[in-house]
Amino acid sequence: MTSWAAILKKVLGNYSKACFNRNSDSLLLTAEVFQHSLLDWYDCHGRKDLPWQSKPANAYAIWVSEIMLQQTQVSVVIPYFQRFMTRFPTVQALASASLDRVLEHWAGLGYYARARNLHKTAQIINTDYAGQFPAQLDVLCRLPGIGRSTAAAILSMAFSQRHAILDGNVKRVLARFYGIQGWPGKASVSKQLWQLSDDLTPPNRVADYTQAIMDLGATLCTRRNPECTACPVASACVARITKRIEELPTPRKQQAIPVKHCYMAVLLNSKSDVYLQKRAASGIWGGLWSLPEHADKNSVIEWFQQRLVDKTSLKWLPVRKHTFSHFHLHFQPVLAQSGQPHTISEFAQSGWFKPDQSQPAMPAPIQKLLSDIL
DNA sequence: AATGCGGGGTT
DNA sequence: AACCCAGCATT
């Protein structure tokens, strides 16, 4: 008897009873009320001038923005988006650029597989689809870096196709509105939320609706201290009615994250260029340029000795800490100046770089280290 | 079904 | 220090 529909009927005084009388299907009815309330709110308070919003819609810009916005906040994305679109204004420009150039424009955003997938997908669209976005959900979903939610977002916002999305904002809004318990990463919970998102997605104004429900989650229905007093659907929100706003959506069970230790070799030549290696394509900082990494002290010392740097001239700098989503990294930079030009060939690509330039693409903590010490 | 993958922001 | 954020790919 605490079903959502029962609660809704009790509290839904301010939305017209005519709606209830007109249709006996409470779910369908609810969807219509929800859509109308949300779209009215969007017309007054939604965001309509983000850099990737244009009339007519630019599918390329929407795609790039959607990838950048994965696990990344709007305010962080905007300057990256501007620079990226200036340098790669079209899918053709992106497809014909080198991966290194793309990564340079991504450095600092994190989740670098997104940039590699973006580049790969640009080439696929350019060659297999004549530069035009495939406008079918299942086709889009097969492209690297595009999952169900991102595909639905592109198709709804760029092509006005009716598809439901389920990003972090929508998960939070729906988990609260329907009082759905359980971590949304769990398959059964995710399945429920996808069903509800699809139930609510309207056949008309779907582009506005998609933006509206994300705006609601991003600006009012925030993780902490949501502004329920300004929310267009607050009167029917189960979490609000049952005072469970702070508990929903259920957070994932957090486990202690490990600390990993390593050394980073900072080798300078006579011109004070720094020696960098290109990292493997997969794993942490995949494809980026970074300092030679060593697991233990002996390994660093040996590495420097091979380059004619004596053990006694090494400068052991203070340990620096960086936190990833799944582990802490404590790394100690080891600084030395080499009298000789370095000629030993490596498995990885390597070279000397001016530390004060934006090239090549470096991880943020390495960039920070070099700017601090050089 | 669970894990790997960054970095910036907030509290 | 803990937690969050316009997810997806891999295993």
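Since this is a predicted model, take the numbers as computed values, not measurements. Note on naming: letters A, B, ... go to the chains in the order of the sequence lines (proteins, then strands), and numbering restarts at 1 for each one.
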### Task
Specify the residues of residues 47-55 of chain A, ordered by number, for which at least one heavy atom lies under 4.0 angstrom from an atom of DNA chain C.
A:Arg47, A:Leu50, A:Trp52
### Task
For A:Ser313, check side-chain hydrogen bond (donor to acceptor under 3.5 Å, both in side chains) against everything at least two apart and list the hits.
none
#### Entry: Set of residues satisfying side-chain hydrogen bond (donor to acceptor under 3.5 Å, both in side chains) with respect to A:Thr201, sequence neighbours excluded
none
### Task
Within residues 133-151 of chain A, find the residues that approach DNA chain B with a heavy atom at under 4.0 Å, and present them sorted by residue number.
none
## Note on the structure
Residue pairs meeting ring pair (Phe, Tyr, Trp, His ring centres under 6.0 Å), one or both in residues 115-140 of chain A, sequence neighbours left out, come to A:Trp63-A:Phe133
#### Entry: Non-neighbouring partners of A:Pro360 that pass side-chain contact (heavy atoms from CB on, under 4.5 Å), sequence neighbours left out
A:Leu276, A:Trp289, A:Phe353
### Summary
For A:Asn126, the side-chain hydrogen bond (donor to acceptor under 3.5 Å, both in side chains) test, sequence neighbours excluded, returns none
## Note on the structure
Ordered by number, residues from residues 163-171 of chain A within less than 4.0 Å of DNA chain C (heavy atoms) are A:Asp167, A:Gly168, A:Asn169
Just the table, please: protein N/O against nucleotides 7-11 of chain B N/O, every pair under 3.5 Å.
unit_1: B:dG7; atom_1: OP1; unit_2: A:Tyr112; atom_2: OH; d: 2.8
unit_1: B:dG7; atom_1: OP1; unit_2: A:Ala364; atom_2: N; d: 3.1
unit_1: B:dG7; atom_1: OP2; unit_2: A:Trp285; atom_2: NE1; d: 2.9
unit_1: B:dG7; atom_1: OP2; unit_2: A:His322; atom_2: NE2; d: 3.0
unit_1: B:dG7; atom_1: O3'; unit_2: A:Gly108; atom_2: O; d: 3.2

### Query
On DNA chain C, which is the earliest and which the latest nucleotide, 5' to 3', with an atom closer than 4.0 Å to a heavy atom of chain A?
C:dC3 to C:dA9
### Query
How would you list, by chain and number, every residue that makes a side-chain contact (heavy atoms from CB on, under 4.5 Å) with A:Val259, sequence neighbours excluded?
A:His261, A:His328, A:His330
### Task
Could you pull out all residues at least two apart from A:His105 that satisfy side-chain hydrogen bond (donor to acceptor under 3.5 Å, both in side chains)?
none
